[in-house]
Enquirer: 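Below you will find the structure I want to go over with you.
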Amino acid sequence: MNRSKPGTRGAVAAAALTVAAFTTAAPALASTGGTPLPAVNTASVPQANATVVNVSSSEQLATAMANAAPGHTIVLADGSYSIGKIRSRNGTPGAPITVMAARQGKAVISGGQLELLDSSYVTFSGLKWTNSNTLKIDGSHHIRLTRNHFRLTESGSLKWVLIQGADSHHNRIDHNLFEDKHQLGNFITIDGSSTQQSQHDLIDHNHFRNIGPRATNEMEAIRIGWSAISGSDGFTTVENNLFENCDGDPEIISVKSNANTVRYNTFRTSQGSLTLRHGNRSQVHGNFFLGGGRAGTGGVRVYGQDHRIYNNYFEGLTGTGYDAALQLDGGDVDTSGALSAHWRVYRATVVHNTFVDNVSNIEIGANYRLAPVDSLVADNIVVGSSGKLFDELKAPENMTYAGNIGWPTGSATVGIDTGVRTVNPFLARQGGVYRLGVGSPAVNTASGGHGFLTDDMDGQARDRTADVGADELSTAPVVRGPLDPADVGISAP
């Protein structure tokens, strides 16, 4: 069966509701198969019927921001600017306030600190940021940072973009380039109030690269929530981003709240893992983890309750333990304890993932004393040449294995004796990754029963009787795949 070849993988966003809810000052969204394309690059094009305010100095910029009203588009001429606060400035969905470069990247924020306080429907677009202070979104909603180049000047610990404050929600950070961070602090930090994380924020189509060298803590590319508010629901979505050489922290993305989604991202040669560190009920699906054989590259690490990890692809990862391709880790507290502790895994669902040529694939309980409980590992494909493909470092309690395919080569062993067929899945390299080949024993043999599983890693519909692994053998168009720099960032579609 011939498979349609991948096209522009990053061009298709996740869901109509997701993008439409966050897009301001954007043209109507085109659609492909019912899924909208993200807004075209409008960084140097004011919205139709906008009131254009042209500025060419820091003083003019300060005045324009202080007097900004719905429909105002503040256009920065080429040059260098110092920036300050925007307080209680509110656009509307149809008439946002926009601060934009006249020419993409030619207006440079080299000084001052932007703080958006108690504001809404404000967009910053097309600017280059080289200043030395955190960009703060505080108690605000429907703020958008799009088509910006962030390369801040650091002399010590510095968070680059911070969302915080009570009543912060529905902010969007998209199509930006974040690069060259070498001091402590994160590219993006989502906090909130003292009790509630900012909710319904969207981080999409960004390019994150070159953060490091690795620190013990506090140098994530993205941190969502924090220990003290980890019992709150974030509803954050991180999708369609590219992470390259993001080596600053053992946790490339650190999720520290409930009900977040990390999907359709690509991690290339990045040391560390995507970590569900605190909180419950998050979903990690449709991501590509490509280690390229680089030392310390990892996949997904899990703590907490009721998480779903599915349709992910892991290849060439060299990490073990904290940095294993998939670590359902042990905990040091059970259902109560310090909010900063490692909470025991309960009811994790790990299904329909594909693992190829990793040093360590699925590990159970590598760290801490409390093994996972009542979890499901089903319908995954694991192919490897060393170690145990399924490695129970601690014996889990009431673990269910079902429908998995393990194919050990070299010195590898399967590692468990239940719920795994030892057969060659006949994977074939296509479009940069291994997909199912014709005649694969994975086709139409999944154990089933996963109602949330509607498509595969390529965005192709699943058959009623699904194939094992992240890929469904199909002739339908491939609408997702591993992201490259052209698919994300400032100049992407």
Side-chain angles (χ1 to χ4, degrees), residues 289 298-303 306-331 344-427 434 436-437 439-450 453 465-471:
F289 297 86
V300 178
R301 178 158 48 102
V302 180
Y303 306 94
D306 300 303
H307 299 302
R308 292 176 177 171
I309 298 93
Y310 62 98
N311 279 351
N312 300 289
Y313 180 92
F314 307 84
E315 183 186 350
L317 305 171
T318 64
T320 62
Y322 289 116
D323 297 331
L326 190 284
Q327 179 65 249
L328 289 185
D329 211 355
R344 191 176 197 175
V345 173
Y346 279 85
R347 298 176 300 278
T349 299
V350 179
V351 297
H352 288 277
N353 303 286
T354 296
F355 301 80
V356 181
D357 293 335
N358 305 295
V359 169
S360 187
N361 294 283
I362 298 177
E363 289 191 14
I364 309 296
N367 307 288
Y368 313 110
R369 62 187 179 86
L370 299 169
V373 179
D374 294 338
S375 294
L376 172 67
V377 177
D379 301 318
N380 303 286
I381 291 177
V382 187
V383 177
S385 61
S386 63
K388 297 179 179 179
L389 303 185
F390 298 80
D391 194 355
E392 291 186 345
L393 295 151
K394 288 184 180 64
E397 297 184 15
N398 195 33
M399 175 76 82
T400 299
Y401 295 100
N404 299 289
I405 289 177
W407 185 240
T409 62
S411 63
T413 60
V414 173
I416 58 175
D417 57 9
T418 184
V420 181
R421 286 185 294 155
T422 305
V423 294
N424 188 339
F426 295 125
L427 300 180
Y434 284 96
L436 296 182
S440 171
V443 175
N444 295 335
T445 59
S447 62
H450 316 305
L453 192 78
T465 304
D467 300 347
V468 179
D471 181 40

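Each residue takes its place number in the sequence, starting with 1. All of these numbers come straight from a predicted model, not from anything done at the bench.
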Enquirer: Can you confirm whether Ile405 sits close enough to Val423 that some side-chain heavy atom of one is under 4.5 Å from a side-chain heavy atom of the other?
Expert: yes
Enquirer: For Gly319 and Ser360, work out which heavy atoms get closest and say how close.
Expert: O-CB, 3.7 Å
Enquirer: Kindly indicate, with the supporting measurements, whether the criterion side chain to side chain contact (heavy atoms under 4.5 Å, CB included) is fulfilled by Val300 and Phe289.
Expert: CA-CA 9 Å; Val300 178; Phe289 297 86; 3.6 Å; yes
Enquirer: Between Val345 and Ala348, what is the shortest heavy-atom contact and its length?
Expert: CG1-CB, 3.8 Å
Enquirer: Within the 4.5 Å heavy-atom criterion, are Leu453 and Asn311 side-chain neighbours or not?
Expert: yes
Enquirer: Looking at Glu392 and Ala395, what are the two nearest heavy atoms and their distance?
Expert: OE1-CA, 4.5 Å
Enquirer: Hey, mind stepping through Asn444 and Thr465 against side chain to side chain donor-acceptor pair (under 3.5 Å) and telling me if it holds?
Expert: CA-CA 5 Å; Asn444 295 335; Thr465 304; 5.7 Å; no
Enquirer: Less than 4.5 Å apart, any side-chain heavy atom of Leu389 and any of Val420?
Expert: no
Enquirer: So, for Arg421 and Thr445, which heavy atoms are closest and what is the spacing to 0.1 Å?
Expert: NH2-OG1, 2.9 Å
Enquirer: Can you tell if the side chain of Pro372 reaches within under 4.5 Å of the side chain of Ile364, non-hydrogen atoms only?
Expert: yes
Enquirer: Taking the side chain from Arg344 and the backbone from Ala371, do they hold a donor-acceptor pair closer than 3.5 Å?
Expert: yes
Enquirer: Would Leu326 and Val377 count as a side chain to side chain contact (heavy atoms under 4.5 Å, CB included) here? Give the steps.
Expert: CA-CA 11 Å; Leu326 190 284; Val377 177; over 6 Å; no
Enquirer: Between Asp329 (side chain only) and Gly365 (backbone N and O only), is there a donor and an acceptor less than 3.5 Å apart?
Expert: no
Enquirer: What's the spacing between Glu363 CD and Asp391 CG if we round to 0.5 Å?
Expert: 5.5 Å
Enquirer: Step by step, work out the side chain to side chain contact (heavy atoms under 4.5 Å, CB included) result for Leu376 and His450.
Expert: CA-CA 11 Å; Leu376 172 67; His450 316 305; 3.8 Å; yes
Enquirer: Specify the closest pair of heavy atoms between Ser386 and Ala412, including all atoms of both residues, with the distance to one decimal.
Expert: N-CB, 3.4 Å
Enquirer: Starting at CZ of Phe314, measure out to CG of Asn380 and round the result to the nearest 0.5 Å.
Expert: 8.5 Å
Enquirer: Just wondering, do Val356 and Leu427 contact through their side chains at under 4.5 Å, heavy atoms?
Expert: yes
Enquirer: Evaluate Tyr346 against Asp374 for side chain to side chain donor-acceptor pair (under 3.5 Å), listing each step before the verdict.
Expert: CA-CA 6 Å; Tyr346 279 85; Asp374 294 338; over 6 Å; no
Enquirer: Is there a side-chain contact between Val468 and Pro425 in this structure, where contact means two heavy atoms from C-beta onward sitting under 4.5 Å apart?
Expert: no
Enquirer: If you measure from CG on Asn424 to CH2 on Trp407, what distance do you get to the nearest 0.5 Å?
Expert: 5.0 Å
Enquirer: Nearest 0.5 angstrom please: Asn404 CG to Thr418 OG1, how far?
Expert: 9.5 Å
Enquirer: So, does His352 use its side chain to make a donor-acceptor pair with the main chain of Asp467 at under 3.5 Å?
Expert: yes
Enquirer: Check whether any side-chain N or O of Thr409 sits under 3.5 Å from a backbone N or O of Gly384 as a donor-acceptor pair, and report yes or no.
Expert: yes
Enquirer: Return the minimal non-hydrogen interatomic distance between Ala378 and Ser447, and the atom names on each side.
Expert: CB-OG, 4.1 Å
Enquirer: Which one of Asn361, Leu317, Asn312 satisfies the side chain to side chain contact (heavy atoms under 4.5 Å, CB included) criterion with Phe355?
Expert: Asn361
Enquirer: Nearest 0.5 angstrom please: Arg301 CZ to Ile309 CD1, how far?
Expert: 13.0 Å
Enquirer: Within the structure provided, determine whether Tyr310 and Thr349 are in side-chain contact (heavy-atom separation under 4.5 Å).
Expert: no
Enquirer: For the side chain of Tyr322 and the backbone of Ala366, is there at least one donor-acceptor N/O pair under 3.5 Å apart?
Expert: no
Enquirer: Check the orientation of Tyr401 and Phe390. Use parallel for under 30°, tilted for 30 to 60°, and perpendicular for over 60°.
Expert: perpendicular
Enquirer: How many angstroms lie between NZ in Lys388 and CD1 in Ile362, if you round to the nearest 0.5 Å?
Expert: 14.0 Å
